K.L.:
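The structure is given below, and queries will be raised subsequently.
Since we're looking at a predicted model, the values are computed, not measured. Naming: A, B, ... by sequence-line order, numbering from 1 per chain.
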There are 2 protein chains.
Amino acid sequence: MASKPAPQPTPAEEPAPEKGMRAHAKRNHEKLRVAANIVVAEQGADASLEEISRRAGLGSATLYRHYPTRLILLDIVFHDRVEALNAETAPLLTAADPGAALVTWVRTLAEHFTANLGLAKFLMLAEGAKELTSAHAQVRETGKKVLGRAQKAKAATADASIADLLDLVNSIVLANERDAARVRRLLDLAVGGIRR
Amino acid sequence: MASKPAPQPTPAEEPAPEKGMRAHAKRNHEKLRVAANIVVAEQGADASLEEISRRAGLGSATLYRHYPTRLILLDIVFHDRVEALNAETAPLLTAADPGAALVTWVRTLAEHFTANLGLAKFLMLAEGAKELTSAHAQVRETGKKVLGRAQKAKAATADASIADLLDLVNSIVLANERDAARVRRLLDLAVGGIRR
DNA sequence: ACCTGAACACCGTTCAAGT
DNA sequence: ACCTGAACACCGTTCAAGT
């Protein structure tokens, strides 16, 4: 058992060997991620970056080094949530009743959006920046198919595109993000229509 | 004609007589109002108060003296627009077709909201702060009656309240305030419903 | 009575200087 | 290679000091 394998004579003036630096940076990365999760949960997509670095115990410039843009940071924060949303809506693609599936799709989105403050705005920002990763693109793709199936079954108006539908959901969520019951009520109204 | 009615001996250390001061203050008031109109038209309800005072050529503290809260300032800025909206929607209360009147009411609101950046948010803020002046209250009252007539004629779902309807309109407008065509499209969808 | 510079407590973002 | 204090250009709001 060669327990001490001839350590490289690392100069004293260097704070740590390269491997140690990377490990240190990695720990900071992680600290920032954890802090971002907390602060974004509290403040949403517009969370103060200063506050995030403060909670991580680091300077704000370090946050910028690790996450050059807000969108990149939000992408890390919401990655798992987007995947969970996709997993939950996937079965709707083969559901027996396409009309009911569409309603469920809208309600599931609303649930995830109100349960995760900032998620709706993040998806909007990601679309606007055309930085769609596979995860976001899949939200839209699933929605498109669910809507298409409902339209083919004459269970949804042919007028609406997936862009319209996502925009409608996002608008209602953004304006009422902290009131899940209200979001659900307004979405049900919009899906059912006001006029008779 | 007693032209010089024994003027009070105003001390020299006072910069101007009371009447002059009031006129001066009134002019500043007006400068701020004009600047607010311009900047709010550009930036909406969240317009920078610093920018408004800068454009008025005054210190921001002076703005606070004249308009202690943002809501008070917005109330001045939007007063005429709210009255115009009320004037335009009033005939809908006696329109022949209550269902069509409801659709027109929604579209008229949308037009005014997109034509006047910040108006939708101002009305929301005013409701939240319970500082409804008669002008805002009338928007709601007219809407309530128009909706009620449509419901009585079985031309609108009995599920929707005026609060729901205003909230729906406001949500869609706020998220798409700079794209009037998009607002109209999404509102038509919501009024007509997605599901068949 | 009215106005204002300056202060205070915040932002987001960048960069020279440190290790 | 990585981190950070400090700077820069902004906010909204308040207040002592000026006239």
K.L.:
Nearest whole Å is fine: how far is C/dT13 P from A/L73 CG?
P.N.:
11 Å

K.L.:
Scan residues 186-196 of chain A for pairs that pass side-chain hydrogen bond (donor to acceptor under 3.5 Å, both in side chains), counting only residues two or more places apart or in two chains.
P.N.:
A/R107-A/D188

K.L.:
If you take all heavy atoms of B/I194 and A/A160, which pair is closest and at what distance?
P.N.:
CD1-CB, 4.4 Å

K.L.:
Let's see if you get this right: which residues in residues 47-55 of chain B place a heavy atom under 4.0 Å from DNA chain D?
P.N.:
B/A47, B/S48, B/L49, B/E50, B/R54

K.L.:
Only pairs at least two apart or in different chains count here, so list each salt bridge (charged side-chain N to carboxylate O under 4.0 Å, His left out) that has a residue in residues 59-68 of chain A.
P.N.:
none

K.L.:
Can you run down the salt bridge (charged side-chain N to carboxylate O under 4.0 Å, His left out) pairs that involve residues 142-152 of chain B, sequence neighbours left out, and say none if there aren't any?
P.N.:
none

K.L.:
Taking the P atom of each, how far is D/dA1 from C/dT13, in whole Å?
P.N.:
25 Å

K.L.:
What's B/R70 touching, base or sugar-phosphate or nothing? Going by heavy atoms closer than 4.0 Å.
P.N.:
sugar-phosphate

K.L.:
C/dT19 C1' sits how many Å from A/N28 CG, rounded?
P.N.:
14 Å

K.L.:
In this structure, how many angstroms lie between the C1' atom of D/dT13 and the CZ atom of B/R65, rounded?
P.N.:
14 Å

K.L.:
Taking the side chain of B/A61 as heavy atoms from C-beta outward, which of D/dT14, D/dT4, C/dC3 is closest to it?
P.N.:
D/dT14

K.L.:
How far does the C1' atom of D/dA9 sit from the matching atom of C/dA9, given to the nearest Å?
P.N.:
16 Å

K.L.:
How do B/S60 and A/G57 order along DNA chain D: which one's closest nucleotide is nearer the 5' end?
P.N.:
A/G57

K.L.:
In whole Å, what is the span from the CG atom of A/L63 to the P atom of C/dT14?
P.N.:
12 Å

K.L.:
Could you tell me which residues satisfy side chain to side chain donor-acceptor pair (under 3.5 Å) with A/E50, sequence neighbours excluded, listed by chain and number?
P.N.:
none

K.L.:
Not counting sequence neighbours, list each pair that qualifies as a side-chain hydrogen bond (donor to acceptor under 3.5 Å, both in side chains) and has a residue in residues 166-175 of chain A.
P.N.:
A/D167-B/R182, A/S171-B/N176

K.L.:
Can you give me the dot-bracket string for DNA chain C, 5' to 3', counting Watson-Crick and G-U wobble pairs with both distances under 3.5 Å, using [ ] for crossing pairs and | for partners on another strand?
P.N.:
||.|||||...|||||.||

K.L.:
Please pick, from C/dC3, D/dG12, C/dT13, the nucleotide with the shortest atom-to-atom distance to any side-chain atom of B/Y64.
P.N.:
D/dG12

K.L.:
Please table the atom pairs, donor to acceptor, closer than 3.5 Å between any side-chain atom in residues 54-64 of chain A and protein atoms at least two apart or in another chain.
P.N.:
from, atom 1, to, atom 2, distance (Å)
A/R54, NH1, A/E51, OE1, 2.5
A/R55, NE, A/E51, OE2, 2.8
A/R55, NH1, A/E42, OE2, 3.3
A/R55, NH2, A/E42, OE1, 2.8
A/R55, NH2, A/E51, OE2, 3.4

K.L.:
I need the CD-C1' distance between A/E30 and D/dC3, as an integer number of Å.
P.N.:
18 Å

K.L.:
Rounded to whole Å, how long is the line connecting atom NE2 of B/H66 with atom P of C/dA1?
P.N.:
14 Å

K.L.:
What pairs with A/E83 under side chain to side chain contact (heavy atoms under 4.5 Å, CB included), at least two apart in sequence or on another chain?
P.N.:
A/H79

K.L.:
Tell me the interatomic distance from A/Y67, atom OH, to D/dC2, atom P, rounded to whole angstroms.
P.N.:
14 Å

K.L.:
Specify the separation, in whole Å, of atom CZ of A/R27 and atom P of D/dA1.
P.N.:
19 Å

K.L.:
Considering all heavy atoms of both residues, which atom of A/L119 and which atom of A/E177 are nearest to each other, and what is their separation?
P.N.:
N-OE2, 4.3 Å

